[in-house]
2 protein chains.
Amino acid sequence: MFIFVVAKNIYNGAMNYEPINYEALLRTHQLKATPQRIGILNAMHTHGHITIDTLYSDIKKEFSAISLATLYKNIHQMMDATLVTEVKIAQQKTLYEITKAAHAHLACDRCGSVYDIAIDATPLVAQQSPLSQHRIESAQITFTGVCQGCLTKGA
Amino acid sequence: MFIFVVAKNIYNGAMNYEPINYEALLRTHQLKATPQRIGILNAMHTHGHITIDTLYSDIKKEFSAISLATLYKNIHQMMDATLVTEVKIAQQKTLYEITKAAHAHLACDRCGSVYDIAIDATPLVAQQSPLSQHRIESAQITFTGVCQGCLTKGA
DNA sequence: CATTCTATGGATAATTTTTTTCCTTTAGAT
DNA sequence: ATCTAAAGGAAAAAAATTATCCATAGAATG
Ligand SMILES: [Mn+2]
Ligand SMILES: [Mn+2]
Ligand SMILES: [Zn+2]
Ligand SMILES: [Zn+2]
């Protein structure tokens, strides 16, 4: 398993710093590289995190006949293949993103935007695991606060 | 704002170690203490975390005529009053719990159960905040792993 | 305790979100 | 170029959530 960085995002896949080759990325995950799937990944990459509605209206520009069912079906297939990750945040609509290296999120209290936060949760997991009667393997972290944009703008 | 411990759960409200007085808890949060609301809180407390379906079938035993709309309306009112918290975990149905002192969750990979994990995220937030261009105020943490029950049982 | 007023509950319908079915089309292998 | 399993699209169904309307019941007032 390799890690490569493209446009501030860290995707799992072939080592590569070129513009993302969605076709190869799909095939690597045993999924047929259809134009619709490439469009879905492209929209996800452009937005970073995307709701089903935004994805739908976005992708309709290129595939006017595409169906919501196609989006849901593909998102689930890609999630099964760990190519796409579901991001659920309280009080927010479900978001989807291309699977990246482990990272946390910041959900802005003011504008609702969600940002990636680079963080290594390994120490947290390692520290917590022995304290618990469960086996802890990984952590999903969502920070709440005020994003940079709202900080500079607002009062 | 006080903290008190009842039956392994840490609720915000009046200082008290007695069985939870839901009536008082509701009034403290400026909500009328109706039997239905008391039933909702009781079911939440019994289950720790509860889905809307479980809540519905549970509470119907006492209020056979209760409507799902009543549940949703009340849950949202209680969330607005910070008396109830929504817990969203990837691949899982939305859960609700009575608001407790800050804590993390463990979602078991095997059985899907969700457990409370005592943890103080203050250091994590304090450490992360200066590293980011955003203002980070709090953290929601969900651990993934295998729960104690599945550990003792399974292979 | 009786009166009053407003918030609440329940019935119902409407929306929104997600999944399923069925048939046609297409990606990728041969 | 041909073949076939997988994928797309239309449509309907199912699941989840929210809104509307009115009778009723908390709880404040006196
Ligand atoms: Mn992300
Ligand atoms: Mn909890
Ligand atoms: Zn913001
Ligand atoms: Zn388990």
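By convention in this document, chain letters (A, B, ...) are assigned in the order of the sequence lines, proteins followed by strands, and residues within each chain are numbered from 1. Just so we're clear, the structure is a prediction, and the values are computed from it rather than from any experiment.
- What you find for B/Ala33 and B/Ile38 is that their closest heavy atoms are O-CD1, 4.3 Å.
- B/Ile75 has its CD1 atom 12 Å from the C1' atom of D/dA16, to the nearest Å.
- Between the side chain of B/Arg37 and the backbone N or O of B/Asn74, no donor-acceptor pair lies under 3.5 Å.
- Between B/Tyr115 and A/His134, the ring planes are tilted. Angles from 30° to 60° get that label.
- In this structure, the CZ atom of A/Arg37 is 11 Å from the P atom of D/dA6, given to the nearest Å.
- Where A/Tyr96 and B/Ala65 meet DNA chain C, the nucleotide closest to each residue was compared, and B/Ala65 sits on the side nearer the 5' end.
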Which pairs, protein N/O on one side and nucleotides 23-30 of chain D N/O on the other, fall under 3.5 Å?
from: D/dA27; atom 1: OP1; to: B/Ala33; atom 2: N; distance (Å): 3.0

Can you check side-chain contact (heavy atoms from CB on, under 4.5 Å) on B/Met44 and B/Ile75, steps first, answer last?
-> CA-CA 11 Å; B/Met44 283 184 183; B/Ile75 286 173; 4.1 Å; yes

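- One hydrophobic cluster, built from ILVMFWY side chains closer than 4.5 Å, holds both A/Leu26 and A/Leu71.
- For DNA chain C, the contact window with chain A, defined by any atom under 4.0 Å from a protein heavy atom, covers C/dT17 to C/dG28 in 5' to 3' order.
- In terms of phosphate contacts, A/Gln36 brings no side-chain nitrogen or oxygen within less than 4.0 Å of OP1 or OP2 of D/dA7.
- The distance between atom CZ of A/Phe63 and atom P of D/dA7, rounded to the nearest whole Å, is 15 Å.
- Side-chain N or O atoms of A/Glu97 include none that pairs as donor or acceptor with a backbone N or O of A/Val87 at under 3.5 Å.
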So which protein nitrogen or oxygen atoms get under 3.5 Å of nucleotides 18-22 of chain D's nitrogens or oxygens?
from: D/dT18; atom 1: OP2; to: B/His76; atom 2: ND1; distance (Å): 3.4

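- Side-chain N/O atoms of B/Gln77 and B/Asp80 include no donor and acceptor closer than 3.5 Å.
- For the atom pair CD1 (A/Ile141) and CZ (B/Phe143), the distance works out to 7.5 Å, reported to the nearest 0.5 Å.
- Here D/dA15 presents its P atom at 18 Å from CG of B/Leu55, a figure rounded to the nearest Å.
- Side-chain contact of B/Glu86 with B/Thr94: a donor-acceptor pair under 3.5 Å is absent, judged by distance alone.
- Rounded to whole Å, the distance from CG on B/Leu71 to P on D/dA16 is 13 Å.
- Using modelled atom types, no side-chain atom of B/Thr144 and backbone atom of A/Ala139 make a donor-acceptor pair closer than 3.5 Å.
- Rounded to whole Å, the distance from OH on B/Tyr56 to C1' on D/dA16 is 13 Å.
- Ring pair B/His103/B/His105 is perpendicular by interplanar angle, where above 60° counts as perpendicular and below 30° as parallel.
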